[in-house]
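Index from 1, following the sequence. Worth knowing before you read on, the calculation uses all heavy atoms, side chains too, and leaves out hydrogens, waters and symmetry mates.
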Amino acid sequence: MLTKSMKYLFVISIIITSVSCKSPNKRIHQEESVFQRDLNAEFKDATKSPLTKHDLKKFKGLEFFPVNNTYKVKAKLMKAIDSATLSFPTTTDRVVTYKKYGKIFFTIQNKELTLDIFKPQFTKQGYENILFLPFLDKTNGKTSYEGGRYVEVFTTDEFDDGTIEIDFNKAYNPYCAYSDRYSCPIPPRDNYLDIEIKAGVKKYKK
């Protein structure tokens with residue numbers, strides 16, 4: 001049975017190949033999370049891994065920032081009404097389409113932040129609850145992938161009070177960070193966070 005992490009990465013691979021504040025009691029966990037373990041397992045599986053055959057032979061595991069609850073937020077979700085289809089440029093000449101699902105508002109380290117969140121235009125049956133949240137931040141090109149990252153989010157992460165849980169500890173790199181045979185959606189400039197998001201997957205070192 002597929003985990004949420006495995007479902008999300010499966011759908012994203014198809015796409016690219018065809019209100020919280022800083023807590024004084026924040027917890028930083030050094031042990032491997034379920035998300036990290038599942039992601040590493042997929043990368044080690046030759047039938048699913050985006051790694052080249054050469055890189056897969058020497059792959060020991062992805063490097064992650066320590067899990068930090070500062071970057072797990074309950075964001076206010078303002079859903080879009082009758083949103084138009086949007087065309088996303090990719091790392092190649094291909095264009096992919098999404099619909100804007102809404103805008104989220106949240107606070108990290110006393111900074112008020114916003115991101116647009118999207119719904120894939122086409123999903124396979126059984127994957128209708130998947131959302132797409134691409135973002136850029138101040139770690140890009142330094143400790144994280146220069147092209148930005150994506151966050152694993154589902155409609156089932158929404159609450160009845162109009163908020164949604166966003167866990168940046170589940171931020172991961174697009175597949176084109178590992179191989180140039182992929183075509184990946186580029187995060188829109190409006191989804192730049194003027195802060196370092198030290199959470200999720202770090203820059204891949206080949």
Side-chain angles (χ1 to χ4, degrees), residues 2-21 35 71-108 110-138 140 144-145 147-177 182-195 197 199-201:
L2 293 176
T3 64
K4 287 173 69 176
S5 299
M6 293 172 71
K7 279 187 176 183
Y8 195 75
L9 284 169
F10 176 74
V11 173
I12 289 299
S13 67
I14 293 174
I15 293 170
I16 64 181
T17 57
S18 35
V19 189
S20 168
C21 62
F35 172 79
Y71 300 105
K72 183 176 181 179
V73 301
K74 194 174 182 182
K76 178 66 178 177
L77 171 64
M78 183 180 293
K79 289 187 178 180
I81 300 174
D82 298 327
S83 64
T85 299
L86 304 173
S87 297
F88 269 63
T90 68
T91 51
T92 64
D93 292 336
R94 194 172 61 91
V95 173
V96 293
T97 57
Y98 295 89
K99 282 196 172 184
K100 185 174 177 179
Y101 189 73
K103 184 180 286 288
I104 58 173
F105 303 82
F106 56 99
T107 303
I108 293 178
N110 297 320
K111 280 202 170 188
E112 295 182 0
L113 305 167
T114 65
L115 289 172
D116 289 331
I117 190 166
F118 306 90
K119 192 84 171 61
Q121 180 84 30
F122 303 104
T123 56
K124 295 184 69 172
Q125 186 175 1
Y127 299 92
E128 295 85 358
N129 66 335
I130 289 171
L131 299 174
F132 180 54
L133 182 58
F135 74 99
L136 301 154
D137 72 283
K138 284 189 170 182
N140 298 155
S144 71
Y145 177 57
R149 292 177 288 168
Y150 308 151
V151 183
E152 180 185 67
V153 189
F154 301 84
T155 58
T156 49
D157 295 322
E158 295 179 46
F159 297 95
D160 293 337
D161 63 358
T163 61
I164 186 169
E165 183 175 278
I166 306 296
D167 189 354
F168 288 97
N169 294 293
K170 296 180 180 180
Y172 63 96
N173 297 327
Y175 276 7
C176 53
Y182 293 101
S183 175
C184 307
I186 298 172
R189 194 63 192 172
D190 286 347
N191 271 24
Y192 174 75
L193 299 176
D194 190 23
I195 191 174
I197 301 295
V201 180

ask   = Looking at residues at least two apart in the chain, or sitting in another chain, which of them share a salt bridge (Lys or Arg N to Asp or Glu O under 4.0 Å) with Asp167?
value = none

ask   = If you measure from CG on Asp161 to NZ on Lys76, what distance do you get to the nearest 0.5 Å?
value = 7.0 Å

query = Taking Val73 as the fixed residue, which of Thr163, Ile104, Thr107, Ile166 is the one that meets the side chain to side chain contact (heavy atoms under 4.5 Å, CB included) rule?
reply = Ile166

Interatomic distance, Leu193 atom CG to Thr114 atom OG1 [nearest 0.5 angstrom] = 8.0 Å

task = Would you confirm whether Lys111, through its side chain, and Asp194, through its main-chain N or O, come within 3.5 Å as a donor-acceptor pair?
result = yes

task = Report yes if the side chains of Val96 and Arg94 come closer than 4.5 Å at any heavy-atom pair, otherwise no.
result = yes

query = Is Tyr150 reaching over with its side chain to a backbone N or O of Pro185, donor-acceptor style, under 3.5 angstrom?
reply = yes

query = Are side-chain heavy atoms of Glu128 and Ile130 found at a separation under 4.5 Å?
reply = no

query = Closest approach of Lys100 and Leu86, non-hydrogen atoms and distance?
reply = CB-CD1, 4.1 Å

query = Do the non-hydrogen side-chain atoms of Tyr192 and Pro187 ever get within less than 4.5 Å of each other?
reply = no

query = Can you find a side-chain donor-acceptor pair between Ser183 and Thr91 that sits under 3.5 Å?
reply = no

key: Nearest heavy atoms of Val201 and Arg149, plus distance in Å   = O-NH1, 3.1 Å

note = Phe154 and Ile164 have their tightest heavy-atom pair at O-CD1, 4.0 Å

request  = Please round to the nearest 0.5 Å and tell me the distance separating atom CZ of Phe35 and atom NZ of Lys170.
outcome  = 7.5 Å

query = Is there a side-chain contact between Glu158 and Thr155 (heavy atoms, below 4.5 Å)?
reply = yes

query = Which pair of heavy atoms, one from Leu133 and one from Asn191, lies closest together, and at what distance?
reply = CD1-ND2, 4.3 Å

ask   = Do Phe168 and Phe106 have ring centroids that are under 6.0 Å from one another?
value = yes

ask   = CZ of Phe88 to CD1 of Ile186: how many Å apart, nearest 0.5 Å?
value = 10.5 Å

note = All heavy atoms of Lys119 vs all of Asn129, minimum pair found to be NZ-N, 4.4 Å

Phe132 and Phe118 aromatic ring geometry - parallel, tilted or perpendicular at 30°/60° bounds = tilted

task = Looking only at non-hydrogen atoms, find the nearest pair between Leu136 and Pro188 and report the distance.
result = CD1-O, 4.0 Å

ask   = If you measure from CG on Leu77 to CZ on Phe159, what distance do you get to the nearest 0.5 Å?
value = 11.5 Å

query = Below 4.5 Å, heavy atoms only, C-beta onward: do Ile195 and Leu113 meet side chain to side chain?
reply = yes

task = Please examine the side chains of Ser87 and Tyr98, heavy atoms only from C-beta on, and report whether any two atoms are closer than 4.5 Å.
result = no

ask   = Looking at CD of Glu165 and CG of Asp157, how far apart are the two atoms once the value is rounded to the nearest 0.5 Å?
value = 6.0 Å

ask   = Do Tyr182 and Pro174 come close enough that some side-chain heavy atom pair is under 4.5 Å?
value = no

request  = Go through Lys103 and Ile117 one step at a time and tell me if the side-chain contact (heavy atoms from CB on, under 4.5 Å) criterion holds.
outcome  = CA-CA 6 Å; Lys103 184 180 286 288; Ile117 190 166; over 6 Å; no

